[in-house]
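Everything below concerns the one structure shown next.
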Amino acid sequence: MIISFISQKGGVSRSTLARATATEFAKAGWQVHLADLDTQQQTSSKWAERRDLASLTPSIETAVYRRHNVALKAAALNQLLLIDTRPFADISSVDIAEASDLIVIATGTSLDDLEPSLLLGREFLQKRQIPLHKILFVVCKAPSIAEGQAAQRTISAWGFQCAYHFIRFMPGYSQALDAGKSITETHYPTLNTAACSIIDEIASLINS
Ligand SMILES: Nc1ncnc2c1ncn2[C@@H]1O[C@H](COP(=O)(O)OP(=O)(O)OP(=O)(O)O)[C@@H](O)[C@H]1O
Ligand SMILES: [Mg+2]
């Protein structure tokens with residue numbers, strides 16, 4: 001099983017969703033492997049190191065891959081392969097999308113963030129014949145509830161599947177990530193519940 005986290009824009013919480021999905025599936029007993037394709041920043045890999053240094057469990061098996069086709073081969077060895085891609089979707093993103101059981105497209109709420117992601121989703125559908133049900137948009141870093149909901153409406157108006165819940169922009173989330181925790185493991189129960197709801201939506205799509 002492969003879930004990929006792809007976006008056109010940078011800094012939209014792709015790695016954040018990948019880390020939360022890895023953590024919650026591992027907690028649920030899945031054998032997960034998080035493939036970090038961002039060789040420059042190595043966000044997920046460095047986070048997994050911080051997690052291990054803090055002795056947090058479950059430990060998340062993570063590796064950095066320079067080539068996406070090598071990362072994809074890890075699917076054969078793992079129950080769930082999560083692929084955290086580089087910013088600026090390129091030809092490798094298309095290959096990864098085609099191999100994925102679910103493509104999670106993280107996006108911010110502004111039109112500057114939304115439009116490139118929606119166009120990427122349309123490219124997957126029209127040029128690559130990736131089925132609509134394999135693409136899930138997740139609104140992240142929403143500055144307010146109203147802006148989160150407006151972004152969800154825009155995504156739905158384009159005909160895409162959008163997660164029912166969204167992630168607010170909250171310092172509690174970035175503090176957790178800095179400490180090697182996922183956004184489902186913050187100090188704040190309401191933030192954890194919101195993040196867990198999105199992982200539940202991902203799990204129900206994967207299990208359907
Ligand atoms: N909901 C949130 N609230 C506050 N900060 C957040 C939230 N989500 C992510 N962040 C912070 O925003 C930054 C970018 O998040 P992340 O690395 O997940 O995005 P990305 O799309 O993978 O970025 P990149 O394009 O650099 O790979 C990080 O510093 C992270 O801690
Ligand atoms: Mg990233």
Side-chain angles (χ1 to χ4, degrees), residues 3-24 33-51 54 56 60 62-66 68 71 81-90 92-93 96-97 100 103-110 112-118 120-121 136-149 151-152 155 162-199 201-202:
I3 307 178
S4 55
F5 298 83
I6 302 178
S7 304
Q8 191 54 271
K9 301 273 293 200
V12 288
S13 296
R14 204 171 37 254
S15 304
T16 296
L17 290 178
R19 291 175 280 183
T21 309
T23 303
E24 292 308 310
H33 181 75
L34 178 53
D36 187 349
L37 290 190
D38 192 342
T39 46
Q40 292 213 318
Q41 302 189 89
Q42 304 187 0
T43 308
S44 285
S45 168
K46 287 180 178 168
W47 167 83
E49 275 176 31
R50 291 200 296 279
R51 190 174 176 85
L56 295 167
I60 305 300
T62 309
V64 179
Y65 293 87
R66 200 163 47 81
H68 70 279
L81 173 66
L82 301 158
I83 306 184
D84 179 16
T85 63
R86 287 180 279 270
F88 312 116
D90 55 14
S92 72
S93 310
I96 293 163
S100 297
I103 303 150
V104 176
I105 301 184
T107 179
T109 56
S110 68
D112 287 347
D113 282 349
L114 274 170
E115 276 183 356
S117 297
L118 289 162
L120 176 70
L136 177 71
F137 277 77
V138 180
V139 175
C140 296
K141 291 184 164 180
S144 67
I145 291 174
E147 284 161 282
Q149 290 173 338
Q152 288 177 318
I155 292 163
C162 181
Y164 180 73
H165 297 89
F166 57 84
I167 302 284
R168 295 281 309 273
F169 183 89
M170 294 284 175
Y173 283 134
S174 44
Q175 286 159 7
L177 291 164
D178 287 354
K181 296 178 181 176
S182 93
I183 54 167
T184 57
E185 300 172 322
T186 75
H187 287 305
Y188 310 97
T190 51
L191 298 192
N192 299 344
T193 303
C196 281
S197 299
I198 288 173
I199 309 306
E201 291 187 59
I202 290 173

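Computed from a predicted structure; not experimentally measured. Start at 1 and go down the list; that is how both ligands and their atoms are numbered.
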Got the closest protein heavy atom to [atom], with its distance?
{"atom": "atom 26 (O) of ligand 1", "answer": "Q41 NE2, 2.8 Å"}
{"atom": "atom 4 (C) of ligand 1", "answer": "M170 O, 3.1 Å"}
{"atom": "atom 10 (N) of ligand 1", "answer": "K141 CE, 3.5 Å"}
{"atom": "atom 16 (P) of ligand 1", "answer": "T16 OG1, 3.6 Å"}
{"atom": "atom 1 (N) of ligand 1", "answer": "R168 O, 2.9 Å"}
{"atom": "atom 19 (O) of ligand 1", "answer": "S13 N, 3.0 Å"}
{"atom": "atom 23 (O) of ligand 1", "answer": "G11 N, 3.0 Å"}
{"atom": "atom 27 (O) of ligand 1", "answer": "R14 NH2, 2.9 Å"}

With no hydrogens and no angle check, is any side-chain donor or acceptor of [X] less than 3.5 Å from a backbone partner on [Y]?
{"X": "E201", "Y": "Y164", "value": "yes"}
{"X": "R86", "Y": "S93", "value": "no"}
{"X": "T186", "Y": "I183", "value": "no"}
{"X": "E185", "Y": "N192", "value": "no"}
{"X": "W47", "Y": "Q42", "value": "no"}

- State whether the shortest distance between N or O atoms of K9 and N or O atoms of ligand 1 falls below 3.5 angstrom.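 No, no N or O pair falls under 3.5 Å.
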- Under 3.5 Å, is there a donor-acceptor pair between the S44 and D84 side chains? yes
Numbered atoms of ligand 1 (with element) below 4.0 Å of [X], judged on heavy atoms:
{"X": "P87", "value": "25 (O)"}
{"X": "S174", "value": "5 (N), 31 (O)"}
{"X": "D38", "value": "27 (O)"}
{"X": "R19", "value": "17 (O), 18 (O)"}
{"X": "V12", "value": "19 (O), 20 (P), 21 (O)"}
{"X": "I167", "value": "1 (N)"}
{"X": "G10", "value": "25 (O)"}
{"X": "S15", "value": "17 (O), 18 (O), 20 (P), 22 (O)"}

- Message: Under 2.8 Å from the Mg ion (ligand 2) - does any N, O or S atom of S15 fall there?
- Response: yes
- Message: I'd like the name of whichever of L17, I183, L177 reaches closest to atom 30 (C) of ligand 1 through any heavy atom.
- Response: L177
- Message: Is there a side chain to side chain contact (heavy atoms under 4.5 Å, CB included) between T16 and Y173? Walk through the geometry before answering.
- Response: CA-CA 9 Å; T16 296; Y173 283 134; over 6 Å; no
- Message: Between V139 and T109, is the side chain to side chain contact (heavy atoms under 4.5 Å, CB included) condition met? List the steps.
- Response: CA-CA 7 Å; V139 175; T109 56; 3.6 Å; yes
- Validation row: K181, L56 side chains within 4.5 angstrom (heavy atoms):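 Yes, close enough: below the 4.5 Å cut-off.
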- Less than 4.5 Å apart, any side-chain heavy atom of S45 and any of D38?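 SC-SC contact between S45 and D38 ruled out.
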- Task: Specify the closest pair of heavy atoms between E24 and S182, including all atoms of both residues, with the distance to one decimal.
- Result: OE2-OG, 4.5 Å
- Message: Return the CZ to NZ distance between R14 and K9, rounded to the nearest 0.5 Å.
- Response: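 NZ of K9 is found 11.5 Å from CZ of R14.
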- Query: Hey, is Y173 touching ligand 1 through its side chain, its backbone, both or neither, going by heavy atoms under 4.0 Å?
  - Reply: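 Side chain only.
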